[in-house]
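Letters A, B, ... are given to chains in the order of the sequence lines, protein chains preceding strands, and every chain is numbered from 1.
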Protein chains: 2
Amino acid sequence: MIYMATRSVAGEKTGLKEIAEAINSPQAFTAKILQNLVKDGLVSSTKGPHGGFCIKRPTAEIFLAEIVASIDGDQLFIGCALGLEKCTEDHPCAVHYKFKAVRDHLTGMLQTTHLEDVSDRVITGLSFLKTGTNKR
Amino acid sequence: MIYMATRSVAGEKTGLKEIAEAINSPQAFTAKILQNLVKDGLVSSTKGPHGGFCIKRPTAEIFLAEIVASIDGDQLFIGCALGLEKCTEDHPCAVHYKFKAVRDHLTGMLQTTHLEDVSDRVITGLSFLKTGTNKR
DNA sequence: ATAAATAAGGATAAAAATATCCTTTAATAT
DNA sequence: ATATTAAAGGATATTTTTATCCTTATTTAT
């Protein structure tokens, strides 16, 4: 998403191959994740020559939380740190409140940081999407 | 560890079976994790009748960070949010600083919260180690 | 219309995390 | 000494996550 954001300024498409290379992620795997993002309406795709993927909405309106939820589901946001099925104010796990503070911080960050924030740093060369030797 | 903390007041041993039941975790799997904690010096174990596991140091001196590191390794503390092999101030990933703030919060919490903090809440009935129907 | 390019989707495979089983080792009690 | 209890450790199995492969569907250019 960040790479596409650095590219889809005027609604230009970016091909799978290019995206996968840019983030040093296997093509087929990247394709599956893109399919998911398409299914969830964050990205549009077109087949055929000059086809590819494109972010649907303005990058300043897409927050990281949406992307994380689309790719990884909601466990990051609602799962219990100790793995309890039911972990609530009524029946909190032993680290519920300590953990809640951290999670609220994380959730808040993801809900207030939009793609533009992040992609701008890449465009200006302040940060990176790969190292040349990534782990995954 | 939290369950043992609620039990090993005067250096009493707690058996594997009892621990596994208390936290609703499979016995054999719990045993592997306990082996690890023993190897890392957080827990002592004795075999034979009346054998079992016991936390080695005062619970007020064992911080959650140590336990997490023993069980899950250090990726939680040092891993890059975007999966870059090398993610540093010099070569930061696109969410490095945003993520760093959250991680510092998490790390800080784990490094300042000790077992006693957490087990006391269980002892006084304010929080719980299982629900009856856990996920894992 | 046909060929070429490209994503979609289903089936499968590989790797990692989670979990189990069984044999061995050590401690205790008789 | 022997039997019993309980953890240690190695091998294996299951599940989940990560990744690949191959066929199909769609779009564009000729």
Side-chain angles (χ1 to χ4, degrees), chain A residues 1 3-4 7-8 11-56 68-76 79-85 134-136, chain B residues 1 3-4 7-8 11-56 68-76 79-80 82-85 130 134-136:
Chain A
M1 289 294 281
Y3 179 68
M4 271 187 284
R7 291 248 15 214
S8 56
E12 322 156 27
K13 318 272 183 206
T14 310
L16 166 64
K17 196 175 158 191
E18 180 182 336
I19 295 171
E21 271 165 16
I23 64 174
N24 205 7
S25 170
Q27 261 193 49
F29 185 60
T30 307
K32 291 301 185 192
I33 290 167
L34 283 163
Q35 272 179 41
N36 212 53
L37 293 167
V38 169
K39 178 177 66 56
D40 287 345
L42 289 169
V43 167
S44 65
S45 71
T46 53
K47 300 176 179 181
H50 312 304
F53 300 89
C54 179
I55 293 179
K56 262 191 166 174
V68 171
S70 173
I71 295 175
D72 290 327
D74 59 5
Q75 278 310 293
L76 180 67
C80 168
L82 298 188
L84 301 202
E85 177 77 10
N134 270 16
K135 177 181 305 160
R136 57 184 65 197
Chain B
M1 290 293 282
Y3 179 67
M4 273 187 283
R7 289 251 14 215
S8 56
E12 321 157 27
K13 318 273 184 208
T14 310
L16 166 63
K17 196 174 158 192
E18 180 182 336
I19 295 171
E21 271 166 15
I23 64 175
N24 206 5
S25 170
Q27 261 193 48
F29 184 59
T30 306
K32 291 301 186 194
I33 290 167
L34 283 163
Q35 271 179 42
N36 213 54
L37 292 167
V38 169
K39 179 178 64 56
D40 287 345
L42 290 169
V43 167
S44 65
S45 71
T46 54
K47 300 177 179 180
H50 313 304
F53 300 89
C54 178
I55 293 180
K56 262 191 166 173
V68 171
S70 173
I71 295 175
D72 290 327
D74 60 3
Q75 279 309 295
L76 180 67
C80 168
L82 297 188
L84 300 202
E85 176 78 9
K130 64 172 174 181
N134 271 16
K135 179 184 304 161
R136 57 183 66 190

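When rounded to the nearest whole Å, the span between CG of B/Asp72 and C1' of C/dT18 equals 12 Å. Atom CD of B/Gln27 is separated from atom C1' of D/dA7 by 11 Å (rounded to the nearest Å). Here C/dA19 presents its P atom at 15 Å from CG of B/Asn36, a figure rounded to the nearest Å. As rounded to whole Å, 14 Å separates atom C1' of D/dT16 from atom CD of A/Gln75. If you measure from atom CZ of B/Phe29 to atom P of D/dA13, you get 19 Å, rounded to the nearest angstrom. Put simply, CD on A/Glu18 is 15 Å from C1' on C/dA5, counting in whole angstrom units. Atom CD1 in B/Ile33 sits roughly 13 Å away from atom P in C/dA17 (whole-Å rounding). One can place CD1 of B/Ile71 at 15 Å from P of C/dA17, the figure rounded to the nearest angstrom.
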All N/O pairs under 3.5 Å across the protein-nucleotides 7-11 of chain C interface:
from, atom 1, to, atom 2, distance (Å)
C/dA7, OP1, A/Leu16, N, 3.0
C/dA7, O3', A/Ser45, OG, 3.3
C/dA8, OP1, A/Ser45, OG, 2.7
C/dG9, N7, A/Lys32, NZ, 3.4
C/dG9, N7, A/Gln35, NE2, 3.0
C/dG10, N7, A/Lys32, NZ, 3.2
C/dG10, O6, A/Lys32, NZ, 2.7

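Put simply, CD1 on A/Ile33 and CD1 on A/Ile19 are 11.0 Å apart, with the number rounded to the nearest 0.5 Å. Of the inter-residue distances, the one linking B/Met1 atom CE with B/Leu37 atom CG reads 5.5 Å to the nearest 0.5 angstrom.
By the side-chain contact (heavy atoms from CB on, under 4.5 Å) test, A/Ala20 pairs with A/Gln27, A/Thr30, sequence neighbours left out. Scored by the side-chain contact (heavy atoms from CB on, under 4.5 Å) test, B/Gln35 finds B/Lys32 as partners (sequence neighbours excluded). Applying the side-chain contact (heavy atoms from CB on, under 4.5 Å) test to B/Ala31 and every residue at least two apart in sequence or in another chain returns B/Leu16. Residues satisfying the side chain to side chain donor-acceptor pair (under 3.5 Å) criterion with B/Asp40, sequence neighbours excluded, are B/Ser70.
For A/Pro49 and A/Ala28, each mapped to the nucleotide of DNA chain D holding its nearest heavy atom, the one lying further toward the 5' end belongs to A/Ala28.
For A/His50, the side-chain atoms get nearest to D/dT28 when compared with the rest of D/dT28, C/dT18, D/dT5.
When the C1' atoms of four end pairs are superposed on the next four at each end of the helix from C/dA1-D/dT30 to C/dT30-D/dA1, using five pairs per end, the two resulting axes differ in direction by 0°, to 10°.
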In a table with atom names and distances, give each donor-acceptor pair under 3.5 Å that connects a side chain of residues 43-51 of chain A to protein atoms at least two apart or in another chain.
from, atom 1, to, atom 2, distance (Å)
A/Ser44, OG, A/Cys54, O, 3.4

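The shortest side-chain heavy-atom distance between A/Met4 and A/Leu34 falls under the 4.5 Å cut-off.
Residues in residues 17-30 of chain B take part in these salt bridge (charged side-chain N to carboxylate O under 4.0 Å, His left out) pairs, two or more places apart or across chains: B/Arg7-B/Glu18.
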